[in-house]
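As the structure lists them, so they are numbered: ligands from 1, and atoms in each ligand from 1.
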Amino acid sequence: MVSVIRLKLISILMFYLLGTLNVLPTETASTFRHYDCTNKAKFSPKSSYQFNLNKLLSKLTSKINITNYYNTTVSGTNKRDIVYGLFMCNGYMEKCGECVSTSIQTLKSKCVFNKEAIIWTHECLVRYSDKFFPNTPEKWPSRCVRKSEDYEGELDSFNKVLSSLMDDLLTEANEAPMDSIKFAVKKITISEDQHLFGFAQCTPYLSKENCKKCLRDAMNFLQTCARGKTGGRVIYPSCIVRYDHYLFFPLPRGKRKNLGVIASIIFFHALVPVIVLFFVCYLLHRESRKDLKHRKGNCGEEISTELNSLQFELRTIQEATNKFSDDNKIGEGGFGAVYKGGFSNGLEIAVKRLKKNSSQGAIEFKKEVLLISKLQHRNLVRLLGFCVERNEKILIYEFVHNKSLDYYLSSKS
Ligand SMILES: *[C@@H]1O[C@H](CO)[C@@H](O)[C@H](O)[C@H]1NC(C)=O
Ligand SMILES: *[C@@H]1O[C@H](CO)[C@@H](O)[C@H](O)[C@H]1NC(C)=O
């Protein structure tokens, strides 16, 4: 009875520890890309407009590793051939060079002879035109991109929270100084375990008044077009607004207004595992005390030692398997390779080494640990321990002779 509880607690603890290895708070890759070859006006090949435009694009490109926004102008002898251009990263990024250079490539290939074009991607905006635009507020062309999932809670209170998020973003974005990117990111709480994250930004050369107006319009549009959805964004040439139910922006450094967000992240990623660990140790300790009372003669070894004894050092496993040598490999399964090995005391082991760096592996590992604790309960195969170290996730079994390899490879019994 007690050992079943122990096993459960150990697997809960392992679940938690493994879970934290896996959590990435930000979106890593995104295919978000919208462009518009806005002006129907075209220039002809080899014209001076084309010459100026190419010059403008290479001027923009020359700044991508230096700054997070830049506007420039290229004028020739003829006034008609002036080209204005701008790129702008999302304000929470110091640079977005790769984004800008791929965006420029996209415009070059998609809007070949257009005098005017704009592209929004996940991280940046690039635009050029034959008209001066940096300080004019513009709402066309525009897009509303929304999540397909509906918010499943109470919609009225969700909308209220969203409105107040938008109000805060509007105010904070405009606190930025003139001629810098006016932006704000913000987290707001819906309920204990539900939050909304927001982001708003204007192009750098808009006046505060115009920025406010642009954001206000974008927010009204967003709250209509993405009504009841878990996330959405509205993109205008002069401003961008976004909300989502997960943290999609990297945490800013040294920004006082975001201390709350940082604190909560530190709390969840550093403090909670410690608290969970203490709690589990406490429970294990209590169990062992009870155990002592019920079973005289048991020396009441500290259970935390038992937990420790399940964990193997990577070095030990490397030694036991001759550094995972091919000679020791006895098979390969979907999650990785299985090696035969031996400890210096003569105990033979089978080592299942899960594939590195795949989140799939961590999930499989969790499943595995759970299944094995069940298997162990039924005395089918004995798990000696595990090893989680330097991207390695390893399970160590007792090697049983006369058992087929499938025994170690499959999770089912
Ligand atoms: C920007 O930096 C990247 C990576 O360091 C480099 O490959 C690229 O050539 C640089 N681009 C410019 C225009 O400096
Ligand atoms: C960028 O835009 C600002 C504001 O409209 C303008 O004053 C400045 O001259 C522009 N910079 C360049 C290099 O064109």
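A salt bridge links Lys340 with Glu348: the distance from a Lys NZ or Arg NE/NH1/NH2 to an Asp or Glu carboxylate oxygen falls below 4.0 Å. Ion pairing between a basic and an acidic side chain is recognised when a charged N comes within 4.0 Å of a carboxylate O; Arg242 and Asp244 show such pairing. A salt bridge links Glu138 with Arg127; the closest basic N to acidic carboxylate O contact falls under 4.0 Å.
With a 6.0 Å radius and a threshold of 12 heavy atoms from other residues, nucleotides or ligands, Lys213 has its NZ atom at or below the threshold.
Distances from atom 10 (C) of ligand 1 to the protein include at least one heavy-atom value under 4.0 Å. Closer than 4.0 Å to atom 14 (O) of ligand 1 lies at least one heavy atom of the protein. Distance check for atom 5 (O) of ligand 1: every protein heavy atom is found at 4.0 Å or beyond.
Near Thr61, meaning under 4.0 Å from any of its heavy atoms, are these atoms of ligand 1: 13 (C).
Checking only distances, Asn65 does come within under 3.5 Å of ligand 1, N or O to N or O.
Counting only heavy atoms from C-beta outward, the side chains of Val241 and Met166 approach each other to under 4.5 Å.
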